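Before any comments, here is the structure.
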Amino acid sequence: MANKYVISSSILSADFTRLGQQIAAAESAGVDWLHVDVMDGHFVPNITMGPFIIEACRRATKLPLDVHLMIEKPERYIEAFAKAGASGLTVHVETCPDMFSTLKQIKSLGCKAGVVLNPATPVGEVFPFLAEADLVLVMSVNPGYSGQSFMPESISKVADIRKKLDSLGSSAWLEVDGGINTETLPKMKEAGATAFVAATAVFKHPQGIEAGIKSLRSLL
Ligand code: DX5
Ligand code: ZN
């Protein structure tokens, strides 16, 4: 992808009675990726979407589908999500005892491979995998729900990972997720993030989806 910075709009805050229309509105407003939050009710308290929704999104748009797997034993479902049309699959360090083989599995199915860590997880836990990752995601809320407040402790994690990626010469995306809005995005950008996930700030923007995307993009 040619852009230096991307906005990935999370459909978790979309109106699911009009999902196709909302995706089309985000696409025509110039969003770069669609972020799909998969939750299993075990790794996180909430239950959301499975491959079926990814397959529906795939038919609704040509945008890259940035799929965030908040599930235990994600390796069991990677093939199903890849077949459903995911462009990238991001798995948590907390759920992958053999991260190298999980990242390899994702890539072997033609998807970009991402690694993500929770707010409580020390940043060093992802360092061993940076050279293999196409994307590194830093959670700036505890995963489970949209609409939560940004955790400022995550800013220094982004800065630490940025340093490591640069020292490796890696061009992996450094993505941030949770409480991203016009106030927090510039702080994460300054720390070195390049991909910004937003659910509430896009799909619940008081002036609509287009205004939400444009206000974030104006800061990039
Ligand atoms: C949280 C999800 C996020 C969420 C972000 O568990 O991973 O992607 O949708 O929502 P906002 O942008 O409202 O914080
Ligand atoms: Zn997410």
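Note that the coordinates shown come from a computational prediction; the quantities given were computed from them, not determined experimentally. Excluded from the calculations below are hydrogen atoms, water molecules and symmetry mates; all remaining heavy atoms, backbone and side chain alike, are included. Read the numbers this way: they start at 1 and go in the same order the structure lists the ligands and their atoms.
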If you compare all heavy atoms of Ser9 against all heavy atoms of Val31, which two are closest, and at what distance to 0.1 Å? OG-CG2, 3.5 Å

What pair of heavy atoms forms the shortest contact from Val91 to Leu103, and how long is it? CG2-CD2, 4.5 Å

To make sure I understand the geometry: which N, O or S atom in [X] is closest to the Zn ion (ligand 2)?
{"X": "Asp177", "value": "OD2"}
{"X": "Asp37", "value": "OD1"}
{"X": "His68", "value": "ND1"}

Contacting atoms of ligand 1, where contact means under 4.0 angstrom from a heavy atom of [X]:
{"X": "Ala198", "value": "12 (O)"}
{"X": "His35", "value": "8 (O)"}
{"X": "Asp177", "value": "2 (C), 3 (C), 4 (C), 5 (C), 7 (O), 8 (O)"}
{"X": "Val197", "value": "8 (O)"}
{"X": "Thr200", "value": "11 (P), 12 (O), 13 (O)"}
{"X": "Ser10", "value": "8 (O), 9 (O)"}
{"X": "Met39", "value": "6 (O)"}
{"X": "Gly178", "value": "14 (O)"}

Below 4.0 angstrom, N of the basic side chain to O of the carboxylate: do [X] and [Y] qualify?
{"X": "Asp40", "Y": "Lys73", "answer": "no"}
{"X": "Glu210", "Y": "Lys214", "answer": "yes"}
{"X": "Arg162", "Y": "Asp166", "answer": "yes"}

Under 6.0 Å from the NZ atom of Lys107, do we count more than 12 heavy atoms belonging to anything else shown? yes

Polar-atom distance check: [X] versus ligand 1, any N or O pair below 3.5 Å?
{"X": "Gly179", "answer": "yes"}
{"X": "Asp37", "answer": "yes"}
{"X": "Ser13", "answer": "no"}

Could you tell me if any non-hydrogen atom of Met70 lies under 4.0 Å from any atom of ligand 1? yes

Can you figure out which of Ala199, Gly144, Pro143 has its heavy atom closest to atom 12 (O) of ligand 1? Ala199

For atom 1 (C) of ligand 1, closest protein heavy-atom neighbour: Tyr145 O, 3.6 Å

min-distance protein heavy atom vs atom 10 (O) of ligand 1 -> Ser146 CB, 3.2 Å

Side-chain donor-acceptor pair present, Thr184, Asn181, cut-off under 3.5 Å: yes

If only side-chain N and O atoms count, and only distance matters, is there a donor-acceptor pair under 3.5 Å linking Ser13 with Ser146? yes

Regarding Lys189 and the six-membered ring of Tyr5, is the cationic atom NZ or CZ under 6.0 Å from the ring centre and inside 45° of its axis? yes

When rounded to the nearest 0.5 angstrom, what is the spacing between NE2 in His68 and OG in Ser8? 11.0 Å

Rounding to 0.5 Å, atoms CD1 (Ile106) and CG (Leu69) come to a distance of 7.0 Å

